[in-house]
Amino acid sequence: MAMWLMKSEPEAYSIDDLKRDKTTMWDGVRNYQARNYMRSMSVGDKILLYHSNCEVPGVVGLAKVVRTAYPDPTQFDPSDKHFDPASKRDDPRWSLVDVGFVKKFRRTVSLTELKDQASRLGDFALIRTGNRLSVMSVTQKQFDLVVSMADR
DNA sequence: GCCAACGTTGGC
DNA sequence: GCCAACGTTGGC
């Protein structure tokens, strides 16, 4: 089983929205590496949910993969913000997975705290400078450390 | 709102 | 295939 970290802007879609919806299509990802990660996901893979572009950026809870990758319908919708006119229906460019709510942490594990733990986290994509990936893989050790930080 | 660090696009 | 211009991400 693999583990991942996925970002969202809470103003667009927050962990509270996911808690309400139970599951959601993780649509709108328009980055090839992030897309490739989603295509490699399996049902049951664990996800650290991260809030970006907000007052306290950080990991806010856990989710899981509930459906493996399939074409992102928003790429074909001209009225959608993420419409991609270059994507063909018989060869869709963008994929998504369905994500299910698992739990919301009692507190946010902030980006600042994660940077403070950089030496224990090892090579963690999230805290590499200039990283803008919205989907990244994490190791079991990194996953467990973040979860233990949330319990403090 | 600023801006650094990217990724993508398109002319050549 | 190079690379400048442009658009986006996301912390601060």
Side-chain angles (χ1 to χ4, degrees), chain A residues 2-21 24-41 45-65 69-99 101-139 141-143 145-152:
Chain A
M3 274 142 289
W4 311 92
L5 181 144
M6 297 174 83
K7 296 179 184 173
S8 74
E9 300 190 12
E11 214 164 288
Y13 196 84
S14 72
I15 191 165
D16 293 320
D17 294 325
L18 182 59
K19 185 177 183 180
R20 177 197 64 212
D21 297 342
T24 195
M25 294 192 301
W26 207 260
D27 61 16
V29 173
R30 297 292 181 269
N31 171 281
Y32 288 106
Q33 195 177 347
R35 179 205 68 183
N36 292 343
Y37 278 142
M38 286 202 292
R39 286 182 176 176
S40 71
M41 290 179 182
D45 281 2
K46 295 178 178 180
I47 299 164
L48 297 170
L49 268 186
Y50 179 91
H51 278 176
S52 65
N53 250 323
C54 54
E55 197 171 352
V56 184
V59 180
V60 292
L62 303 177
K64 64 185 175 185
V65 177
Y70 59 101
D72 180 344
T74 65
Q75 68 195 301
F76 302 122
D77 180 358
S79 69
D80 194 277
K81 183 184 168 194
H82 299 288
F83 175 59
D84 183 352
S87 183
K88 306 226 168 45
R89 282 199 178 268
D90 56 1
D91 185 23
R93 180 178 289 183
W94 305 111
S95 302
L96 57 71
V97 295
D98 286 356
V99 167
F101 178 79
V102 174
K103 75 179 285 190
K104 181 181 179 179
F105 290 158
R106 282 180 293 122
R107 62 180 208 90
T108 299
V109 179
S110 71
L111 180 60
T112 307
E113 288 174 75
L114 291 168
K115 285 177 175 171
D116 288 343
Q117 298 296 323
S119 59
R120 293 174 69 198
L121 285 164
D123 186 22
F124 196 37
L126 183 74
I127 56 180
R128 280 206 289 265
T129 39
N131 177 67
R132 306 183 315 171
L133 256 191
S134 63
V135 179
M136 58 193 83
S137 69
V138 303
T139 65
K141 188 180 161 197
Q142 290 162 346
F143 188 94
L145 180 56
V146 173
V147 170
S148 74
M149 290 167 74
D151 286 334
R152 270 209 303 276

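Residue numbers start from 1 in every chain, and the chains themselves are labelled A, B, ... in the order their sequence lines are given, proteins ahead of strands. Quick caveat, the model's predicted, so the values are computed rather than measured.
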Using side-chain heavy atoms (C-beta onward) and a distance below 4.5 Å, is I15(A) in contact with F105(A)?
no
Could you give all pairs that pass the salt bridge (charged side-chain N to carboxylate O under 4.0 Å, His left out) test and reach residues 115-131 of chain A, with sequence neighbours left out?
D123(A)-R128(A)
Qualifying residue, where the test is side-chain contact (heavy atoms from CB on, under 4.5 Å) with Q142(A) and the options are L121(A), L5(A), L48(A), L114(A):
L121(A)
Can you find a side-chain donor-acceptor pair between R30(A) and T74(A) that sits under 3.5 Å?
yes
Is the side chain of S8(A) donor-acceptor paired with the backbone N or O of Y13(A) at a distance under 3.5 Å, no angle test?
yes
Donor/acceptor link under 3.5 angstrom from R30(A) side chain onto base of dT8(C):
no
Could you point out which residue of L145(A), V147(A), V146(A) forms a side-chain contact (heavy atoms from CB on, under 4.5 Å) with F143(A)?
V147(A)
Measure from the side-chain N and O atoms of D151(A) to the backbone N and O of S148(A), and report whether any donor-acceptor pair falls under 3.5 Å.
no
Contact residues, residues 45-55 of chain A to DNA chain C [heavy atom, < 4.0 Å]
Y50(A), S52(A), N53(A)
Is it true that D17(A) and R20(A) have a side-chain N and a carboxylate O under 4.0 angstrom from each other?
yes
Quick check against the 3.5 Å criterion: does K7(A) have a side-chain atom that pairs as donor or acceptor with the backbone of L133(A)?
yes
So, W94(A) versus Y70(A), ring centres under 6.0 angstrom or not?
no
State, with a plain yes or no, whether a side-chain heavy atom of V135(A) is found less than 4.5 Å away from one of N36(A).
no
Using atom types as modelled and distance alone, determine if a side-chain donor or acceptor of D72(A) lies under 3.5 Å from a backbone N or O of L96(A).
no
List every contact pair, protein side and nucleotides 10-12 of chain B side both N or O, where the distance is under 3.5 Å.
none

Mind running side chain to side chain contact (heavy atoms under 4.5 Å, CB included) on E11(A) and C54(A) for me, showing each step along the way?
CA-CA 8 Å; E11(A) 214 164 288; C54(A) 54; over 6 Å; no
Between the protein and nucleotides 1-6 of chain C, are there any N/O to N/O pairs under 3.5 Å, and if so, what are the atom names and distances?
none

What is the distance, to the nearest angstrom, from the CZ atom on R132(A) to the P atom on dT8(C)?
10 Å
Side-chain donor/acceptor of S87(A) to backbone N/O of R93(A), under 3.5 Å:
yes
Please work out which residues in residues 106-115 of chain A have a non-hydrogen atom less than 4.0 Å from an atom of DNA chain C and list them by number.
L111(A), K115(A)
Take atom CE of M136(A) and atom P of dG7(B), then tell me their distance rounded to the nearest Å.
12 Å
Are the side chains of P10(A) and H51(A) in touch, meaning some heavy atoms are under 4.5 Å apart?
yes
Any residue of residues 78-93 of chain A with a heavy atom less than 4.0 Å from an atom of DNA chain C
none
